[in-house]
*Asks:* 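Handing you a structure now.
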Amino acid sequence: MTIFETLAPLVILIGLGVLLSHLRFLGKEFIADLNKLAFWVALPALLFRSAAHATAPNEQTLLLFGILCGATILAAALGYGCAVLMRLPATLWGTLSQSAFRGNLAYIGIPTLTYSLSSSSAGGMISTAVVVMTLLMAFYNILAVLVLGGTHFVQMWRPVFTNPLLISGLAGLAWAASGWPLPAFADRSLEALGNAAVPIALLCIGGSLSLKAIRGRTAAIGLAVAVKVLLLPLLVWGLGIWFGLGPAKLQIALVLAACPTAAASYVMAVKMNGDGELAAATIAASTIFSAPALICALWLTT
């Protein structure tokens, strides 16, 4: 499958969401409800089923997770350090750092991998990606609390126990560890819901994309986006080559690293008294500039 064939469905569906929102065919309330459907039902079904079918993590999977964690820490430190050196207001440091490392793995990463992987290896690789993504999302929450200035145990773990994407992924991993097969009726029901997750998620991104949020704070937004969709993938690529990550695992690593800033960064910034406007602007800008980053990620690993 060519890079164009991989990314074209994502671009088309996101663009369709933008168009339908602009034409007011999809109203704000409907987009919000559609996002709830994706966040609470469709994506959890996809993640639970994929994780439930996953095999025990092998050495390469653990290496993949370790590389992503290491690169994430470096990106967080780089974003924070550059914000300090650029003499940006201190209130922006933590938010900028979080926006520079927290990727939209469920809404962009998994759909991209779903379209990019060959049919012969898609099932196993998607399961591997879901395992790594679930663990990485938990790591994101902990690191986000630290860079935003929180140290309380409840602050650190509440997002883990209230995020349906994390819960479904962890529950799926627990089911896989039990060795029990999924009942056929449950497996088919989850498969049907999971198949709807990708188009729903992409339409939601398009429908909620706001270019107005990009205006202002150009330096901070540019720094966060550069670290997120340029430097972080380069770090992951370098570490993956250095430590001998296999081709399929390297593709997973690069795609996850090249994802735009996650919408959860806005929620976390607001909850932790960070800068919500900067987070929202970075989400919008990185979503636009992640396209060439994803193209490069697929080109390097195809």
*Asks:* Would you mind reporting whether Arg102 and Leu143 have side-chain heavy atoms less than 4.5 Å apart?
*Replies:* no

*Asks:* Linking I/L/V/M/F/W/Y whenever their side-chain heavy atoms sit closer than 4.5 Å, directly or via other members, would Val84 and Leu74 fall into one cluster?
*Replies:* no

*Asks:* Could you tell me if the side chain of Ile14 sits less than 4.5 Å from the side chain of Leu203, heavy atoms only?
*Replies:* no

*Asks:* Using side-chain heavy atoms (C-beta onward) and a distance below 4.5 Å, is Lys249 in contact with Val132?
*Replies:* no

*Asks:* How far does CG of Leu232 sit from CG of Leu78, to the nearest 0.5 angstrom?
*Replies:* 10.0 Å

*Asks:* At what distance, to the nearest 0.5 angstrom, does CG of Leu135 lie from CE of Met137?
*Replies:* 11.0 Å

*Asks:* Can Leu245 and Leu239 be said to form a side chain to side chain contact (heavy atoms under 4.5 Å, CB included), step by step?
*Replies:* CA-CA 8 Å; Leu245 201 60; Leu239 290 172; over 6 Å; no

*Asks:* How far apart are the C-alpha atoms of Leu294 and Ile108, what are their side-chain angles, what is the distance that settles it, and do they pass the side chain to side chain contact (heavy atoms under 4.5 Å, CB included) test?
*Replies:* CA-CA 10 Å; Leu294 288 168; Ile108 295 293; 3.9 Å; yes

*Asks:* In terms of hydrophobic clusters joined by side-chain contacts under 4.5 Å, are Leu300 and Ile295 together?
*Replies:* yes

*Asks:* Determine whether Leu254 and Trp299 make a side-chain contact, defined as any pair of heavy atoms from C-beta on separated by less than 4.5 Å.
*Replies:* no

*Asks:* Could you measure the distance from the OG atom of Ser127 to the CG atom of Leu47? Nearest 0.5 Å is fine.
*Replies:* 11.0 Å

*Asks:* State, to 0.1 Å, how close Ala201 and Leu43 come at their nearest heavy-atom pair, and which atoms those are.
*Replies:*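 Closest approach of Ala201 to Leu43: CB-CD1, 4.4 Å.
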
*Asks:* Between Ser290 (side chain only) and Thr287 (backbone N and O only), is there a donor and an acceptor less than 3.5 Å apart?
*Replies:*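 Between the backbone of Thr287 and the side chain of Ser290 there is a qualifying donor-acceptor contact (under 3.5 Å).
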
*Asks:* Would you please test Thr128 and Phe65 for side chain to side chain contact (heavy atoms under 4.5 Å, CB included) and show each step?
*Replies:* CA-CA 10 Å; Thr128 297; Phe65 176 63; over 6 Å; no

*Asks:* Let me see the working for Thr261 and Asn104 under side chain to side chain contact (heavy atoms under 4.5 Å, CB included), right down to the final yes or no.
*Replies:* CA-CA 6 Å; Thr261 303; Asn104 195 342; over 6 Å; no

*Asks:* Which heavy atom of Gly240 sits nearest to which heavy atom of Ile67, and what is that distance?
*Replies:* CA-CD1, 3.8 Å

*Asks:* Is there a donor-acceptor contact under 3.5 Å from the side chain of Thr95 to the main chain of Asp275?
*Replies:* yes

*Asks:* Say whether, by atom type as modelled, one donor and one acceptor occur between the side chain of Gln98 and the main chain of Ser265 under 3.5 angstrom.
*Replies:* yes

*Asks:* Do Thr301 and Pro247 touch side chain to side chain, with heavy atoms closer than 4.5 Å?
*Replies:* no

*Asks:* Would you name the heavy atoms of Ala262 and Gly103 that are closest together and state the gap between them?
*Replies:*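 Result for this residue pair: CB-O, 3.3 Å.
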
*Asks:* Can any side-chain N or O of Asp187 pair as donor or acceptor with the backbone N or O of Pro183 at less than 3.5 Å?
*Replies:*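 No, because the side chain of Asp187 does not come within donor-acceptor range (under 3.5 Å) of the backbone of Pro183.
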
*Asks:* When rounded to the nearest 0.5 angstrom, what is the spacing between CG in Leu63 and CD in Gln60?
*Replies:* 5.5 Å

*Asks:* Closest approach of Leu136 and Cys69, non-hydrogen atoms and distance?
*Replies:* CD1-SG, 4.1 Å

*Asks:* What pair of heavy atoms forms the shortest contact from Ser286 to Val229, and how long is it?
*Replies:* O-CG1, 4.1 Å

*Asks:* Can you sort out the partners of Asp33 under salt bridge (Lys or Arg N to Asp or Glu O under 4.0 Å), two or more places apart, ordered by chain and number?
*Replies:* none

*Asks:* For the residue pair His53 and Leu182, establish whether any side-chain heavy-atom pair is separated by less than 4.5 Å.
*Replies:*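 Counting from C-beta outward, His53 and Leu182 do come under 4.5 Å.
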
*Asks:* Can you say whether the rings of Phe48 and Trp175 are parallel (under 30°), tilted (30 to 60°) or perpendicular (over 60°)?
*Replies:* perpendicular

*Asks:* Are Leu278 and Leu96 packed together at the side-chain level, in the sense that at least one heavy-atom pair is separated by less than 4.5 angstrom?
*Replies:*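 A side-chain contact exists here, since the closest heavy-atom pair is under 4.5 Å.
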
*Asks:* Can you hop from Ile241 to Leu68 via hydrophobic side chains spaced under 4.5 Å?
*Replies:*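 Both belong to a single hydrophobic cluster.
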
*Asks:* Which pair of heavy atoms, one from Leu64 and one from Ala253, lies closest together, and at what distance?
*Replies:*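 Smallest heavy-atom distance, with atoms named: CD1-CB, 3.2 Å.
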
*Asks:* Look at the side chain of Ser21 and the backbone N and O of Gly17, then say whether any donor-acceptor pair between them is shorter than 3.5 Å.
*Replies:* no

*Asks:* Linking I/L/V/M/F/W/Y whenever any side-chain heavy atoms sit under 4.5 Å apart, do Leu62 and Leu105 land together?
*Replies:* no

*Asks:* Is it true that a side-chain atom of Trp93 and a backbone atom of Leu88 form a donor plus acceptor pair closer than 3.5 Å?
*Replies:* yes

*Asks:* How far does CH2 of Trp242 sit from CH2 of Trp237, to the nearest 0.5 angstrom?
*Replies:*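 Going from the CH2 atom of Trp242 to the CH2 atom of Trp237 covers 13.0 Å.
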
*Asks:* Please say yes or no: joined through hydrophobic side-chain contacts below 4.5 Å, possibly via intermediate residues, are Ile252 and Phe243 part of one cluster?
*Replies:* yes

*Asks:* Got a second to check how far Glu277's CD is from Leu92's CG, nearest 0.5 Å?
*Replies:*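 Separation between the atoms: 10.0 Å.
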
*Asks:* Could you check whether any side-chain N or O of Lys228 sits under 3.5 Å from a backbone N or O of Ser99, counting only pairs where one atom can act as donor and the other as acceptor?
*Replies:*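 Side chain of Lys228 to backbone of Ser99: no pair is present.
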
*Asks:* Quick one: are Phe139 and Ile73 in side-chain contact, heavy atoms under 4.5 Å?
*Replies:*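 They are in contact (side-chain heavy atoms under 4.5 Å apart), so the answer is yes.
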
